[in-house]
Every structure is written in structure tokens, then in C-alpha cells.
Amino acid sequence: MISTARVPADKPVRIAFSLDNAPDDTSPEDSDPLAFPELDQQLQPLPPCHDSMESMQVFKQHCQIAEEYREVKKEIALLEERKKELIAKLDQAEKEKLDAAQLAREFEALTEENRTLKLAQSQCVEQLEKLRIQYQKRQGSS
């Protein structure tokens, strides 16, 4: 026997049902329309009409769709988190690439400066040697 009672729309309702030809492995969520809190109220599975097999089937399908929706949302959240991680890695790699490029430019500049200073130092050594020779010649001729 099925008993019915009027319940205000804002009150939670728990409904249990079974289908004679339904497999025994149906989850408890399939029978509880409030098992999908992430769904908007208008998307929540509506309680079935217990004396209508079609209504029970529609309710069961709605619960299955809601479960699939939950899984898809979960996968989307995981993929968005992975996307954030990959973007962070990409940003880090780009920063390291820019840092490496900056270091390469600095190295080139310092290498050029080192070459210039070595050339200037060798020229100064040559000039000093010439001055010593001239000084010695003057000392020897005096």
C-alpha cells in the first residue's frame, strides 16, 4: 500500500523505492533526490509517482544523469586544477628562459669587456716596456 502526504516544497523529503525488475546494485543515491546537493534546486530529481512504473523509471534515469553530471563536474574541476598547475609550470619555464637569456647577454657583455681589458692591459705592458727602454737609453747616454 502506498501512502501519500503533502509536504511543503522547502522541506527535505527522503523517498525510498524499489523496482521489481531493477538490479540490486542501485546506489542509495538513486533513491534520494537530495543526494545531489551540487545541483540547482530546479535540476534536482523530483520524487516519482510510486504507482507509475514510467515515473519510477524517469526518476531513476534522472538520478543516473545527476550522478553523471557530478562525475563530469568533478573531472572538470580536476582538469581546471591541472590546467592551473601547467600554466604555473609554463610561467616558471618562461621566466627561467628569460633569466637564462639575460644571463647569456650579461655573459657576452662581460666576455667582451674582459677581451677589451686584456687588450688594453697588453698595450699598457708594451708601452711600459718601451718607456723603460727609452729611460735606460737616456740613463746610459748621460
Side-chain angles (χ1 to χ4, degrees), residues 2 4-142:
I2 298 175
T4 59
R6 292 206 177 263
V7 178
D10 61 338
K11 298 286 185 185
V13 176
R14 296 185 66 84
I15 298 174
F17 71 96
S18 68
L19 299 174
D20 295 335
N21 60 355
D24 290 338
D25 64 339
T26 55
S27 69
E29 292 174 346
D30 288 344
S31 64
D32 184 2
L34 300 175
F36 305 100
E38 67 277 358
L39 287 179
D40 293 338
Q41 183 65 34
Q42 69 268 17
L43 298 178
Q44 290 288 329
L46 296 174
C49 178
H50 292 287
D51 54 356
S52 169
M53 187 63 125
E54 183 181 4
S55 176
M56 303 276 278
Q57 283 294 347
V58 169
F59 175 72
K60 183 178 176 186
Q61 288 173 348
H62 194 168
C63 288
Q64 289 170 345
I65 291 169
E67 183 60 36
E68 289 173 16
Y69 176 79
R70 179 194 333 223
E71 291 300 317
V72 169
K73 291 286 277 186
K74 183 178 174 183
E75 187 174 348
I76 288 171
L78 291 173
L79 290 172
E80 286 176 346
E81 185 61 34
R82 179 70 176 138
K83 176 184 170 184
K84 287 178 187 176
E85 291 171 5
L86 290 174
I87 288 172
K89 282 184 180 181
L90 180 62
D91 288 345
Q92 182 65 27
E94 287 176 355
K95 182 181 179 291
E96 289 172 0
K97 184 178 177 182
L98 290 175
D99 289 347
Q102 177 64 28
L103 289 173
R105 285 191 297 274
E106 287 178 21
F107 177 78
E108 287 297 320
L110 290 172
T111 301
E112 180 60 27
E113 183 180 356
N114 188 25
R115 188 188 66 72
T116 303
L117 289 172
K118 283 182 179 179
L119 181 61
Q121 188 249 355
S122 81
Q123 288 172 347
C124 287
V125 166
E126 286 178 23
Q127 192 176 13
L128 179 62
E129 191 59 35
K130 287 178 184 177
L131 289 173
R132 279 188 186 152
I133 292 172
Q134 285 178 358
Y135 182 72
Q136 287 175 355
K137 284 183 181 177
R138 285 186 189 160
Q139 288 291 332
S141 63
S142 316

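Keep in mind that this is a model prediction, so the values were computed, not measured.
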Trainee: Charged N to carboxylate O under 4.0 angstrom, Asp99 versus Lys95?
Mentor: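 Salt bridge between Asp99 and Lys95, a charged N being under 4.0 Å from a carboxylate O: yes.
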Trainee: If the threshold is 4.0 Å, N to carboxylate O, is there a salt bridge linking Glu94 and Lys97?
Mentor: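 So Glu94 does not pair with Lys97 through a salt bridge.
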Trainee: Run the numbers on Ile76 and Glu80 for side chain to side chain contact (heavy atoms under 4.5 Å, CB included), then give the verdict.
Mentor: CA-CA 6 Å; Ile76 288 171; Glu80 286 176 346; 3.7 Å; yes
Trainee: Considering only heavy atoms from C-beta outward, does the side chain of Glu112 approach that of Arg115 to under 4.5 Å?
Mentor: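 A side-chain contact exists here, since the closest heavy-atom pair is under 4.5 Å.
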Trainee: Quick test of your reading of the model: are Arg82 and Glu85 salt-bridged, counting only N-O distances below 4.0 Å?
Mentor: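 Judged by the 4.0 Å cut-off on N to carboxylate O distance, Arg82 and Glu85 do form a salt bridge.
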Trainee: Which value, rounded to the nearest 0.5 Å, describes the distance between Met53 atom CE and Gln57 atom CD?
Mentor: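 One gets 6.0 Å once the value is rounded to the nearest 0.5 Å.
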Trainee: Among Gln139, Lys137, Arg132, exactly one meets side chain to side chain donor-acceptor pair (under 3.5 Å) together with Tyr135. Which residue is that?
Mentor: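 So the option named by the test is Gln139.
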Trainee: Contact between Lys118 and Asn114 at the side-chain level, heavy atoms closer than 4.5 Å - yes or no?
Mentor: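 In contact.
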Trainee: What pair of heavy atoms forms the shortest contact from Phe59 to Pro45, and how long is it?
Mentor: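 Taking Phe59 first and Pro45 second, the nearest heavy atoms are CE1-CB, 3.6 Å.
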Trainee: Can you name the closest pair of heavy atoms from Gln44 and His62 and give their distance?
Mentor: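 Between these two residues, the closest heavy atoms are O-CE1, 3.6 Å.
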Trainee: Could you check whether any side-chain heavy atom of Arg70 comes within less than 4.5 Å of a side-chain heavy atom of Glu67, counting everything from C-beta outward?
Mentor: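 Side chain of Arg70 against side chain of Glu67, heavy atoms only: contact under 4.5 Å found.
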Trainee: Rounded at 0.5 Å granularity, tell me how far CG in Leu103 sits from CG in Leu98.
Mentor: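 So the CG of Leu103 and the CG of Leu98 are separated by 11.0 Å.
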Trainee: Just by distance, with hydrogens left out, do Glu106 and Gln102 show a side-chain donor and acceptor under 3.5 Å apart?
Mentor: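 Yes, a side-chain donor-acceptor pair sits under 3.5 Å.
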Trainee: Give, for atom CG of Leu43 and atom CD of Glu38, the distance between the pair rounded to the nearest 0.5 Å.
Mentor: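 Between atom CG of Leu43 and atom CD of Glu38 there are 10.5 Å.
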Trainee: In Å, rounded to the nearest 0.5 Å, how long is the span from OG of Ser122 to CG of Leu117?
Mentor: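 So the OG of Ser122 and the CG of Leu117 are separated by 11.0 Å.
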Trainee: Distance check, rounded to the nearest 0.5 Å: Leu86 atom CG versus Glu81 atom CD?
Mentor: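 Spacing of CG (Leu86) from CD (Glu81) equals 10.5 Å.
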Trainee: Strictly by modelled atom types, are Gln127 and Gln123 linked by a side-chain donor-acceptor pair under 3.5 Å?
Mentor: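 Checked: Gln127/Gln123 side chains show no N/O donor-acceptor pair below 3.5 Å.
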